[in-house]
Number of protein chains: 2
Amino acid sequence: MGRGRSELLSGTLDLLILKTLSVGVLHGYGIAQHIRRLSSDALRVEEGSLYPALQRLQAKGFATSEWKRSPTGRQARYYRLTAAGRRQLGLEESSFLDSVAAITRVLRRAEP
Amino acid sequence: MGRGRSELLSGTLDLLILKTLSVGVLHGYGIAQHIRRLSSDALRVEEGSLYPALQRLQAKGFATSEWKRSPTGRQARYYRLTAAGRRQLGLEESSFLDSVAAITRVLRRAEP
DNA sequence: CACCTATACATAGATGTGACAGGTATAGGG
DNA sequence: CCCTATACCTGTCACATCTATGTATAGGTG
């Protein structure tokens with residue numbers, strides 16, 4: 001026993017990505033680093049989850065992307081939040097907080 | 001897709017059921033009512049989700065069940081938490097709280 | 001009987017993971 | 001100078017897991 005990190009709650013990946021992109025334009029690798037760093041290494045976004053998620057977000061019109069040269073000199077696909085994506089972020093954020101509040105209520109009040 | 005009223009965060013259903021059963025022995029319908037009531041109607045556990053979940057929990061040894069006559073006179077399958085189920089409840093509860101804390105950290109610190 | 005409650009299941013759909021397979025720039029040793 | 005090691009960076013696939021939807025059934029009640 002004794003891994004320190006927690007698994008990603010299903011359904012929160014899109015929210016985390018949208019939130020991260022609301023800070024600025026980033027490439028995929030940078031998004032993963034950002035989430036991992038801000039969560040103090042508790043949340044790790046795997047490649048196999050990240051890139052499909054970015055494709056979903058683009059398909060829904062919540063993000064756009066373009067190839068650009070990164071500061072390190074190499075090409076990378078940079079993602080940018082759209083206006084619809086920003087609206088979606090607001091929706092998902094409050095929906096997440098509502099759900100957590102409801103579950104927490106059950107956890108507290110169900111004490112024997 | 002979501003008609004957004006009572007969506008359940010994925011991965012929390014087992015936790016909610018385990019917690020509810022920790023209060024006492026209940027039948028499926030009663031579990032759903034309990035969760036719905038404690039969450040002030042915010043969380044609705046659908047039958048189609050509930051019964052497969054109860055079977056999973058039994059298959060993993062976290063719950064047992066037996067047919068009994070309910071106070072209203074009819075037969076119902078009553079579910080009871082096992083010792084392993086109680087341990088699992090502790091694990092899932094703290095894991096859930098950790099995850100929520102980590103995500104909340106990202107949501108707060110990612111502000112532009 | 002008609003209706004509501006309660007239990008159960010089968011299928012479909014979405015999502016996250018791990019393993020893998022690339023491709024490119026920079027640093028440092030030979 | 002050239003070569004290779006090492007980070008960086010993007011993507012795909014098979015797979016397991018979980019949940020919603022829709023359907024089936026049986027018992028009790030008015």
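Nothing here was measured: the structure is a model prediction, and the numbers come from that model. Chain A is the first sequence line, chain B the second, and so forth, proteins listed ahead of strands; every chain is numbered from 1.
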Colleague: May I have the distance from A:Leu13 (atom CG) to C:dT15 (atom P), rounded to whole angstrom?
Modeller: 10 Å
Colleague: Look only at the side chain of A:Ser94 and the backbone of A:Gly90, and say whether a donor-acceptor pair between them is shorter than 3.5 Å.
Modeller: yes
Colleague: Counting heavy atoms from C-beta on, name the nucleotide in C:dA8, C:dT7, D:dG11 closest to the side chain of B:Tyr29.
Modeller: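 When the side chain of B:Tyr29 is considered, C:dT7 is the closest of C:dA8, C:dT7, D:dG11.
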Colleague: How close or far is atom C1' of C:dT5 from atom CG of B:Leu26, stated in whole angstroms?
Modeller: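 Rounding to the nearest Å, CG of B:Leu26 and C1' of C:dT5 are 16 Å apart.
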Colleague: Look at all strands and tell whether B:Tyr79 reaches a base, only sugar-phosphate, or nothing, counting heavy atoms closer than 4.0 Å.
Modeller: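 Sugar-phosphate: the residue B:Tyr79, judged by heavy atoms under 4.0 Å, touches backbone atoms but no base.
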Colleague: Out of B:Lys19, B:Arg56, B:Gln88, which residue meets the side chain to side chain donor-acceptor pair (under 3.5 Å) rule with B:Asp14?
Modeller: B:Arg56
Colleague: Roughly how many Å is it from NZ in B:Lys68 to P in C:dT7, rounded to a whole number?
Modeller: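 My rounded result for the distance is 13 Å.
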Colleague: Could you give the CG-to-P distance, from A:Leu9 to C:dT17, as a whole number of Å?
Modeller: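 That distance rounds to 10 Å.
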Colleague: Applying a 4.0 Å non-hydrogen cut-off, can you work out what B:Leu50 is touching in the nucleic acid: base, sugar-phosphate, or nothing?
Modeller: nothing
Colleague: Given that B:Ala53 and A:Gly28 both sit by DNA chain D, which one's nearest nucleotide is further toward the 5' end?
Modeller: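 Checking each residue's closest nucleotide, the 5'-ward one belongs to A:Gly28.
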Colleague: Where is the tightest heavy-atom contact between A:Gly85 and A:Leu18, given as atom of each residue plus distance?
Modeller: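 Shortest heavy-atom contact: O-CD2, 4.1 Å.
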Colleague: Just checking B:Gly11: base, sugar-phosphate only, or nothing, at a heavy-atom cut-off of under 4.0 Å?
Modeller: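 Sugar-phosphate, no base atom in range.
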Colleague: Between B:Leu8 (CG) and C:dG13 (P), how many Å, whole number?
Modeller: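 Nearest whole value for this atom pair: 21 Å.
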Colleague: To the nearest angstrom, how far is A:Tyr51 atom OH from C:dG22 atom P?
Modeller: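 Value for this atom pair: 17 Å.
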Colleague: How would you label the contact of A:Gly48 with the nucleic acid (heavy atoms, under 4.0 Å): base, sugar-phosphate, or nothing?
Modeller: base
Colleague: Using only atom types and a distance under 3.5 Å, with no angle test, would you say the side chain of A:Thr12 pairs donor to acceptor with the backbone of A:Leu9?
Modeller: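 Checked: pair present.
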Colleague: Measure CD/A:Gln55 against C1'/C:dT15 and give the value in whole Å, please.
Modeller: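 My rounded result for the distance is 14 Å.
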Colleague: If the P atom of C:dG22 is compared with that of D:dC8, how far apart are they to the nearest Å?
Modeller: 22 Å
Colleague: Categorize A:Arg56 for me: base, sugar-phosphate, or nothing, with a 4.0 angstrom heavy-atom threshold over every strand shown.
Modeller: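 Result for A:Arg56 = sugar-phosphate.
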Colleague: Does D:dC9 have its OP1 or OP2 closer than 4.0 Å to a side-chain nitrogen or oxygen of A:Ser70?
Modeller: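 For D:dC9, OP1 or OP2 has a side-chain N or O of A:Ser70 closer than 4.0 Å.
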Colleague: Would you say A:Thr72 places a side-chain N or O within less than 4.0 Å of OP1 or OP2 belonging to D:dC9?
Modeller: yes
Colleague: Sub-3.5 Å donor-acceptor pair from the side chain of B:Thr82 to the main-chain atoms of B:Gly61, do we have one?
Modeller: yes
Colleague: Which nucleotide in the set D:dC9, D:dC18, C:dA6 lies at the smallest distance from any side-chain heavy atom of B:Lys60?
Modeller: D:dC18
Colleague: With DNA chain C as reference, determine whether A:Glu47 or A:Asp14 sits nearer its 5' end, using the nearest nucleotide of each.
Modeller: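 Mapping each residue to its closest nucleotide by heavy atoms, the 5'-most match is A:Asp14.
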Colleague: Please determine, for the side chain of B:Arg77, which listed nucleotide (D:dC18, C:dG16, C:dT7) has the closest atom?
Modeller: C:dT7
Colleague: Over how many whole Å does the gap from A:Trp67 atom CH2 to D:dC8 atom C1' extend?
Modeller: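 Taking CH2 of A:Trp67 and C1' of D:dC8, I get 12 Å after rounding.
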Colleague: Under a 3.5 Å threshold, yes or no: a donor from one side chain and an acceptor from the other, between B:Ser65 and B:Arg77?
Modeller: yes
Colleague: Quick one: on DNA chain C, does A:Thr12 or B:Pro52 contact a more 5' nucleotide (nearest heavy atom)?
Modeller: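 Nearer the 5' end of the strand: B:Pro52.
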